[in-house]
Enquirer: 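Handing you this structure, nothing more for now.
Reckoned from all heavy atoms, side chains included, excluding hydrogens, waters and symmetry mates.
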Amino acid sequence: MSGENKSLVSAETAGGKKKRRNHLIRHVILGVLFFFAMLFCSTMAAGLLAHSFVTENILAIVGLMFAAIFIIPFEKWLVYREAHSRHKVLLPVFLILAVFAATFAMMFHQLDKSSSATVLGKNVNACGYHHDFTDFGSRNLEKLIQEKCSKSEGILVTRIDLKDYHEVFLFKENEITAHEFVEQNRRYFYIGTRKLVYHAAYYPIDSYSWQETVFADASESCLSHGIRFFKNGDSDPAWGVTDFNPKKTIQIKGKYPDQVKKLETDGGSAIYLWIYDDLNNTAKLKHEDITVTNQ
């Protein structure tokens with residue numbers, strides 16, 4: 001073989017290797033994107049279709065299996081397009097984007113269903129609610145509470161223990177941390193945390209009345225409803241903080257608080273934690289539902 005022919009063969013071999021490498025990289029990237037698109041879509045659908053945490057977990061695992069299985073026909077389709085189409089990547093990318101778009105549409109639908117408008121008052125509230133699809137719950141509530149409640153968050157103040165719902169309150173300096181747990185099918189699930197910082201408003205404290213503050217604190221309880229009510233929770237608690245005794249001075253929907261706990265801040269001031277065990281759909285709370293008689 002002449003030197004010129006050897007050069008041509010070498011160039012063709014190098015070109016073939018590069019083509020196969022590009023082909024492999026393209027398939028891996030598209031396959032991974034398709035897998036995660038299907039996984040996210042199936043887990044979100046599981047959350048929307050399920051009526052309990054256990055069912056949600058099972059559906060999410062089934063979705064994971066389907067996502068893995070669908071990779072095989074998707075790969076074969078990519079091979080077919082490599083051989084028969086000029087635009088090898090265009091349609092697969094559109095398909096992946098469509099699956100992601102469907103997932104985000106379901107997410108926005110769920111957020112719109114469960115979210116509440118931001119309400120401001122003298123106190124600052126922050127919430128973080130979630131559910132881990134790999135969490136199948138615990139049969140021991142006290143062990144789960146010990147795992148989730150850190151001593152660094154403060155001392156135990158009180159608890160709410162209802163039929164299907166449990167909340168643990170910790171206090172440190174001028175901050176209250178409440179950890180929430182739900183019970184389903186004789187298993188306990190941790191769903192998140194709400195923190196309240198006393199007198200830490202974004203604007204001057206005097207900008208807000210105590211009626212506005214009580215309304216803001218109670219409204220923050222709505223943020224967990226998306227996950228609790230969506231899973232058929234029956235309890236509807238609410239809580240907040242004042243610097244006066246609310247035992248006979250605060251009413252929400254005509255009811256006085258079920259619990260009042262007197263606490264002392266790091267500055268020596270007395271504050272009061274008020275708790276309603278069940279307000280019967282706090283999500284529909286209005287300003288006129290709140291009565292504060294010390295103002």
Enquirer: Grab the two heavy atoms, one from Val157 and one from Phe171, that are nearest each other, plus how far apart they are.
Expert: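 Heavy-atom minimum between the residues: CG2-CB, 3.3 Å.
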Enquirer: Roughly how far apart are Leu97 CG and Leu33 CG, rounded to 0.5 Å?
Expert: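 Rounded to the nearest 0.5 Å, the CG-CG separation comes to 9.0 Å.
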Enquirer: Which value, rounded to the nearest 0.5 Å, describes the distance between Ile145 atom CD1 and Glu167 atom CD?
Expert: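 Separation between the atoms: 11.0 Å.
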Enquirer: Provide the closest heavy-atom pair for Tyr188 versus Leu144 in the form atom of the first, atom of the second, distance.
Expert: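 For Tyr188 and Leu144, the tightest heavy-atom pair comes out as O-CD2, 3.5 Å.
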Enquirer: Roughly how far, to the nearest 0.5 Å, is the CG atom of Asn140 from the CD atom of Gln146?
Expert: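 It comes to 8.0 Å.
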Enquirer: If I take atom NE2 from residue His166 and atom CG from residue Leu141, how far apart are they, to the nearest 0.5 angstrom?
Expert: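 Atom-to-atom, His166:NE2 and Leu141:CG are 5.0 Å apart.
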Enquirer: If I compare all heavy atoms of Gly121 with all of Ala216, which pair ends up nearest, and what's the gap?
Expert: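 Where Gly121 meets Ala216 most closely, the heavy atoms are N-CB, 3.9 Å.
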Enquirer: Could you state whether Val99 and Ile29 fall into the same hydrophobic cluster, counting links through intermediate Ile, Leu, Val, Met, Phe, Trp or Tyr residues with side-chain heavy atoms under 4.5 angstrom apart?
Expert: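 Val99 clusters together with Ile29.
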Enquirer: Using 0.5 Å steps for rounding, measure from the CD atom of Gln211 to the OG1 atom of Thr293.
Expert: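 Answer rounded to 0.5 Å: 11.0 Å.
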Enquirer: Does a side-chain heavy-atom distance below 4.5 Å link His199 with Thr265?
Expert: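 His199 does not reach Thr265 side chain to side chain.
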Enquirer: Assigning hydrophobic clusters by single linkage (Ile, Leu, Val, Met, Phe, Trp, Tyr; side-chain heavy-atom cutoff under 4.5 Å), is Phe36 placed with Leu30?
Expert: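 They do share one cluster, since a chain of ILVMFWY contacts under 4.5 Å joins Phe36 to Leu30.
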Enquirer: So does Thr177 get a backbone contact from the side chain of Lys172, meaning a donor-acceptor N/O pair under 3.5 Å?
Expert: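 Checked: no pair found.
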Enquirer: Determine whether Ile69 and Met38 fall in the same hydrophobic cluster, where Ile, Leu, Val, Met, Phe, Trp and Tyr are linked whenever their side-chain heavy atoms lie under 4.5 Å apart.
Expert: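 Cluster IDs for Ile69 and Met38 differ.
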Enquirer: Nearest 0.5 Å, what's the NZ-CG distance between Lys261 and Leu263?
Expert: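 With rounding to 0.5 Å, NZ (Lys261) is 9.0 Å from CG (Leu263).
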Enquirer: Do you know which two heavy atoms are closest between Ile160 and Pro237, and how far apart they sit?
Expert: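 Ile160 and Pro237 have their closest heavy atoms at CD1-CB, 4.0 Å.
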Enquirer: Tell me if a side-chain donor or acceptor on Asp289 pairs with a main-chain N or O of Lys286 at a distance below 3.5 Å.
Expert: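 Side chain of Asp289 to backbone of Lys286, a donor-acceptor pair under 3.5 Å: yes, one is there.
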Enquirer: Can any side-chain N or O of Asn123 pair as donor or acceptor with the backbone N or O of Val241 at less than 3.5 Å?
Expert: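 Yes, Asn123 side chain to Val241 backbone: donor-acceptor pair under 3.5 Å.
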Enquirer: Pick from Ile290, Val292, Ile250, Thr249: which one makes a side chain to side chain contact (heavy atoms under 4.5 Å, CB included) with Trp210?
Expert: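 Exactly one option meets the side chain to side chain contact (heavy atoms under 4.5 Å, CB included) with Trp210, and it is Val292.
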Enquirer: Strictly below 4.0 Å, N to O, side chains only: are Lys195 and Glu175 in salt-bridge contact?
Expert: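 Glu175 and Lys195: salt-bridged.
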Enquirer: Quick one: does Asp277's side chain get under 4.5 Å of Leu162's, heavy atoms only?
Expert: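 Contact flag for Asp277/Leu162 side chains = yes.
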Enquirer: Identify the two heavy atoms, one from Ser150 and one from Leu170, that lie closest to each other, and give their separation to 0.1 Å.
Expert: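 Shortest heavy-atom separation between Ser150 and Leu170 comes out as O-CD1, 3.8 Å.
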Enquirer: Check the surroundings of atom NZ in Lys247: do more than 12 heavy atoms from other residues, nucleotides or ligands lie under 6.0 Å from it?
Expert: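 Atom NZ in Lys247 is not crowded, with 12 or fewer foreign heavy atoms closer than 6.0 Å.
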Enquirer: Indicate yes or no for a side-chain donor-acceptor contact from Tyr276 to the backbone of Ile252 under 3.5 Å, with no hydrogens or angles considered.
Expert: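 Checked: pair present.
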Enquirer: Got more than 12 heavy atoms from elsewhere within 6.0 Å of CZ, Phe70?
Expert: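 Atom CZ in Phe70 is not packed in, count stays at 12 or less.
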Enquirer: For the pair His179 and Phe181, name the ring-plane relationship: parallel under 30°, tilted 30 to 60°, perpendicular over 60°.
Expert: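 If you compare the ring of His179 with that of Phe181, the planes turn out tilted.
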Enquirer: Could you tell me which non-hydrogen atom of Ala68 sits nearest to which non-hydrogen atom of Phe35, and how far apart they are?
Expert: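 Closest approach of Ala68 to Phe35, heavy atoms only: N-CE1, 3.8 Å.
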Enquirer: Do Val93 and Ile25 belong to the same hydrophobic cluster, where Ile, Leu, Val, Met, Phe, Trp and Tyr are linked whenever their side-chain heavy atoms lie under 4.5 Å apart, directly or via other members?
Expert: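 Yes, Val93 and Ile25 fall within the same hydrophobic cluster.
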Enquirer: Hey, is CZ on Phe74 packed in by over 12 heavy atoms from elsewhere, all under 6.0 Å?
Expert: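 Yes, because the 6.0 Å sphere around CZ of Phe74 holds more than 12 heavy atoms from other groups.
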Enquirer: Any link between Leu91 and Val32 through a network of hydrophobic side chains (Ile, Leu, Val, Met, Phe, Trp, Tyr) touching at under 4.5 Å?
Expert: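 Same cluster.
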